[in-house]
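Chain A is the first sequence line, chain B the second, and so forth, proteins listed ahead of strands; every chain is numbered from 1. Fair warning: this is a prediction, and the values are worked out from it, not measured in the lab.
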Number of protein chains: 2
Amino acid sequence: MSNSEFLVPLKGLRDFPPEIEILRRKVFSKIEKIFQIYGFDPIETPIVEKWEVLKGKYGDEAENRLIWRFKLPYSEKEFGLRYDLTVPLARFYARFRPKLPFKRYQIGRVFRYEEPQKGRYREFWQCDFDILGSKSFLADVEILNVVVDVFKKFNFKDYLIKVNDRNLLTLIFEKKIGIEKEKIIRVYRIIDKLDKIGIENVIKELEKELNKEQLNEIKKIISISQLRNEEIFVELEKLNLKEIDVYLENLKNIIDFVKDKKRIKIDLCLVRGLDYYTSTIFEAVVEKPKIGSLAGGGRYDNLISKFINQDIPAVGGSIGIERLIDACLELGILKVEEKTYSEVGVIYLENVDLKKVLEIVNKLRENEINTYFHFEGLRNVLEGIKELERRGIEYALIIGEKEISENVFTLQNIRTKERKNLSLEEAINYLKHLKQKV
Amino acid sequence: MSNSEFLVPLKGLRDFPPEIEILRRKVFSKIEKIFQIYGFDPIETPIVEKWEVLKGKYGDEAENRLIWRFKLPYSEKEFGLRYDLTVPLARFYARFRPKLPFKRYQIGRVFRYEEPQKGRYREFWQCDFDILGSKSFLADVEILNVVVDVFKKFNFKDYLIKVNDRNLLTLIFEKKIGIEKEKIIRVYRIIDKLDKIGIENVIKELEKELNKEQLNEIKKIISISQLRNEEIFVELEKLNLKEIDVYLENLKNIIDFVKDKKRIKIDLCLVRGLDYYTSTIFEAVVEKPKIGSLAGGGRYDNLISKFINQDIPAVGGSIGIERLIDACLELGILKVEEKTYSEVGVIYLENVDLKKVLEIVNKLRENEINTYFHFEGLRNVLEGIKELERRGIEYALIIGEKEISENVFTLQNIRTKERKNLSLEEAINYLKHLKQKV
């Protein structure tokens, strides 16, 4: 049988060979470490959720076109593959009611049946961190600080975190501009396209929804949004809206307490796609090089009440890990260079006592040195070195009869071709020492 | 809405709270480290496979009752959730043709729609390590050595690795006992139940399949199997079967070269369920305490030819990680004790300048100390300490006005109640030092 079309997974699903997988793990573990530094702990949830858990959480388009939704031949039950990690978190909270505030992170696969394109997959990894149960602006600050630290960790210098507040937005749009409740979501979605389609096209689309006076007010809001943060606050205070002070105070506090406040920019046109956000929203973009959004999130104080009769405040963020990896590769911030975890390759000449060779290999491994052992005895050392080189292994340990009887082995750095003659114990120490340096 | 029945995932699927997830990661990473020491590298494959990839690989029962098999509403294509990690590996090899020998490990979820029971789940983690492309018995030896090291790592002392060879089995059953080819698999399956149903019941079931003479021969084989390895070799040589020498030689070599050969026992009644094994098979059991099989595997030299027109020899093993975790918990080898990765909790009194508190928190985090920050200012330190204690955090750093102005903070070990008065820098060094010791 040779069904070569079945060798490649469905479009949008991926296999990762070792060199890519090693790189991805490096990225995951850097980010995971930041989560832990900020006091987040991991949870895990199933890939498969009952359909009722996913239903009504993501909007119509997702529900009818994007969720991997199915029945099995063995049961009438309907299932879905998880679509994000936030709804499972809400379910998890409702099930276990862990002590609040509950800070968890989760890095894992989610599934969306979208048309695959560059950077968009049908199975991809999300990388979420959330704080449940705190209304404090300090929770929002921690979420933003994590994002700042992720950018720093990957050496992005020219990044910007756009923030906005859904409450503020609603207040202005309803109370100040007088847009009807039913229209607001449509208006949001149009404004959300500002970056993509430009101001003229946004205005054109808004003309269909709004009267002239309303349109002028919106233009004013868009132009205010171009100002510096402090100026925005001044302009917004002038609007003289009841309650606006509370929202402005909150936003001021967040910006004031975040680690890198010159990187935070209020953007009154920031909307975010998901329906469940209630207050702070943010999106973090790398400006130079132009990569676009690498993280986003916000407050969603009502989502959990879809599972239990209780409002639990919540704020969280998500690192766009797939785009981050793609971007780091394109920019050379990360390179696919480590092809293997193996630190040394052992090769031996064909006349050598195999038992003794294996003793040496075992000794290396007992010392926790990652050891690739070439099974076949060689006539020619060079052949073995080349083999190890193709595998991306850094050091070769060469075993011949003389080496064993004299306990002096050649340890060769395959790249530099530098050779050292060492006893087995010395070679082990040398390799161990290298490991610690990494 | 309060659909409490949807809060719990389908039977056989699990949520893992932080304390369990932290424990599972500890187990995974211990095993992963052993894989790396033995020169294995990770790959990743999708959860969803095309149906054609899974079809015809696992036998009828799996295909018609166990595989999570489905279509989406958006497509005519049929899919399945991966049923193990071996078939995806075979597909992966056929797709990419990596350099041989190819040594990979993979730890990940697989899905079987079985009736859930103790230790058996519908979504569970497999933990596989395989060597493709080598016929050498040294490859078999490496697989067994990994198993030995896993047992050692978890301090199991009384374990046993049963080995057998499918070729040997077939030779004896066909050529010596004269069992027809069609019957052999049925006979294997009966013998495989020896441990579960006992010798009498096995004989009873075999009576239906075999004539008296054949039955006597089988009894003889079963009794040979009780002997010591060397005696088994002697008895088998007496059978005087053509070709048997090659298989015996191979088995002798494997036993002779494995790290802990007194733990290896030939068991001629070992069959293993899966159809694809071709030569060496093994199963590793912990005898005392009676836990049962914790690892298994063998050679499967023909599986990859189901994807490409080429025979690629292969040998591998799988650690029964779910049972390992359950067993370690039951035996107290592992304890659910670490509830959080956070190393220190910061609490502050309500009159303190919050900006200064945050500076301290940031400083701890910049020094890579996992820091839980209690957002609310306290009237009473004790209340904060109790809160941290409930979270399982080991140290509390207490911030008051005086502490800040004098740069002398109390670092309290929450369990022992021991207190130290330290400058912030000293506290950081102390916590960093602790971290390195772990």
Side-chain angles (χ1 to χ4, degrees), chain A residues 1-3 6-10 13-18 21 36-39 41-48 50 52-53 65 68-74 91-92 94-96 99 109 113 123 134 136 138-139 257 259 306-309 340-342 358 362 365 368 370-373 375 390, chain B residues 1-3 6-10 13-18 21 36-39 41-48 50 52-53 65 68-74 91-92 94-96 99 109 113 123 134 136 138-139 257 259 306-309 340-342 358 362 365 368 370-373 375 390:
Chain A
M1 186 173 71
S2 179
N3 292 319
F6 304 134
L7 299 186
V8 180
L10 179 75
L13 309 185
R14 291 166 293 168
D15 290 316
F16 299 112
E21 183 58 17
Q36 292 172 4
I37 285 172
Y38 277 84
D41 285 311
I43 68 164
E44 199 44 273
T45 63
I47 291 288
V48 178
K50 290 176 181 167
E52 292 82 358
V53 170
R65 294 207 307 117
W68 285 73
R69 170 182 178 173
F70 62 88
K71 283 183 184 177
L72 298 180
Y74 329 118
R91 181 186 59 67
F92 180 96
R95 177 180 181 191
F96 294 104
K99 196 165 168 31
R109 306 165 193 253
Y113 203 76
E123 175 191 49
S134 174
S136 170
L138 290 170
F257 275 81
K259 268 176 99 173
K306 295 197 173 188
F307 289 97
I308 45 170
N309 288 319
T340 176
Y341 285 127
S342 293
L358 223 65
N362 286 343
R365 288 175 172 164
E368 305 200 333
N370 296 349
T371 306
Y372 179 84
F373 170 39
F375 298 135
R390 277 190 295 265
Chain B
M1 187 173 65
S2 178
N3 292 319
F6 303 136
L7 299 186
V8 179
L10 180 74
L13 309 185
R14 291 165 295 167
D15 291 315
F16 299 112
E21 183 59 17
Q36 292 172 3
I37 285 172
Y38 277 84
D41 286 310
I43 68 163
E44 198 45 273
T45 62
I47 290 288
V48 178
K50 291 174 181 168
E52 293 82 358
V53 170
R65 295 207 307 118
W68 285 73
R69 170 181 179 175
F70 62 88
K71 283 184 184 175
L72 298 179
Y74 330 118
R91 181 187 58 68
F92 180 97
R95 177 181 181 190
F96 294 104
K99 191 160 172 36
R109 305 165 195 254
Y113 202 76
E123 175 191 50
S134 173
S136 170
L138 290 170
F257 276 81
K259 269 176 99 175
K306 295 197 172 187
F307 290 98
I308 47 170
N309 288 318
T340 176
Y341 285 128
S342 293
L358 223 65
N362 287 343
R365 288 174 173 165
E368 305 200 333
N370 297 348
T371 306
Y372 178 85
F373 171 39
F375 297 137
R390 275 190 294 265

Trainee: By a 4.5 Å heavy-atom criterion (distance strictly below it), what part of A/Phe257 contacts chain B: side chain, backbone, both, or neither?
Mentor: both
Trainee: For B/Ile308 versus A/Leu7, what's the shortest heavy-atom pair and its separation?
Mentor: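 Reported closest heavy-atom pair: CG2-CD1, 4.5 Å.
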Trainee: Of the backbone (N, CA, C, O) and the side chain (C-beta and beyond), which part of A/Glu123 lies under 4.5 Å from a heavy atom of chain B, both, or neither?
Mentor: side chain
Trainee: Name the member of A/Arg69, A/Arg109, A/Arg14 that forms the most heavy-atom pairs with chain B at distances under 4.5 Å.
Mentor: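 That would be A/Arg109.
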Trainee: Where on A/Arg365 is there a heavy atom nearer than 4.5 Å to chain B: the side chain, the backbone, both, or neither?
Mentor: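 For A/Arg365, backbone and side chain are both near chain B.
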Trainee: Look at B/Pro18, B/Pro46, B/Ala139 and state which one has the largest set of heavy-atom pairs under 4.5 Å with chain A.
Mentor: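 Top option by heavy-atom pairs under 4.5 Å: B/Pro46.
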Trainee: Please flag which part of A/Tyr38 lies under 4.5 Å from any non-hydrogen atom of chain B: side chain, backbone, both or neither.
Mentor: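 Interface part for A/Tyr38: both.
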Trainee: So which residue, A/Leu10, A/Ile43, A/Asn362, A/Asp41, ends up with the most heavy-atom pairs under 4.5 Å with chain B?
Mentor: A/Asp41
Trainee: Let me know if A/Thr340 has heavy atoms under 4.5 Å from chain B in its side chain, its backbone, both or neither.
Mentor: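 Both parts, backbone and side chain.
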Trainee: Can you tell me how far apart CZ (B/Arg91) and CG (A/Asp15) are? Round to the nearest 0.5 Å.
Mentor: 4.0 Å
Trainee: To the closest 0.5 Å, what do you measure between CG (A/Leu72) and CZ (B/Arg65)?
Mentor: 13.5 Å
Trainee: Any chance you could measure A/Tyr74, atom OH, to B/Trp68, atom CH2, to the nearest 0.5 Å?
Mentor: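 If I round to the nearest 0.5 Å, the distance is 10.0 Å.
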Trainee: Specify the closest pair of heavy atoms between B/Gly39 and A/Tyr372, including all atoms of both residues, with the distance to one decimal.
Mentor: O-CD1, 4.3 Å
Trainee: Looking at every heavy atom in both B/Leu358 and B/Phe373, which two are closest together, and how far apart are they?
Mentor: CD1-CE2, 3.3 Å
Trainee: Does any backbone or side-chain atom of B/Ser134 lie under 4.5 Å from a heavy atom of chain A? Answer side chain, backbone, both or neither.
Mentor: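 For B/Ser134, side-chain heavy atoms alone lie under 4.5 Å from chain A.
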Trainee: What's the separation between atom CG in A/Asn370 and atom OH in A/Tyr341, rounded to the nearest 0.5 Å?
Mentor: 9.5 Å
Trainee: Please look at B/Lys71 and chain A and tell me whether the side chain, the backbone, both or neither of the residue comes under 4.5 angstrom of a heavy atom of that chain.
Mentor: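 Just the backbone, heavy atoms under 4.5 Å.
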Trainee: Over 60° means perpendicular and under 30° means parallel, so classify the ring planes of B/Phe96 and B/Phe92, tilted if in between.
Mentor: tilted
Trainee: For A/Ile47, is it the side chain, the backbone, both or neither that has a heavy atom under 4.5 Å from a heavy atom of chain B?
Mentor: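 Both backbone and side chain of A/Ile47 come within 4.5 Å of chain B.
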Trainee: Pick from A/Ser136, A/Pro17, A/Pro73: which one has the most heavy-atom pairs with chain B under 4.5 Å?
Mentor: A/Pro17
Trainee: Can you tell me which portion of B/Tyr113 sits under 4.5 Å from chain A's heavy atoms? Options are side chain, backbone, both or neither.
Mentor: side chain
Trainee: Take a 6.0 Å sphere around CZ of B/Arg390 and say whether it holds more than 12 heavy atoms from other residues, nucleotides or ligands.
Mentor: yes
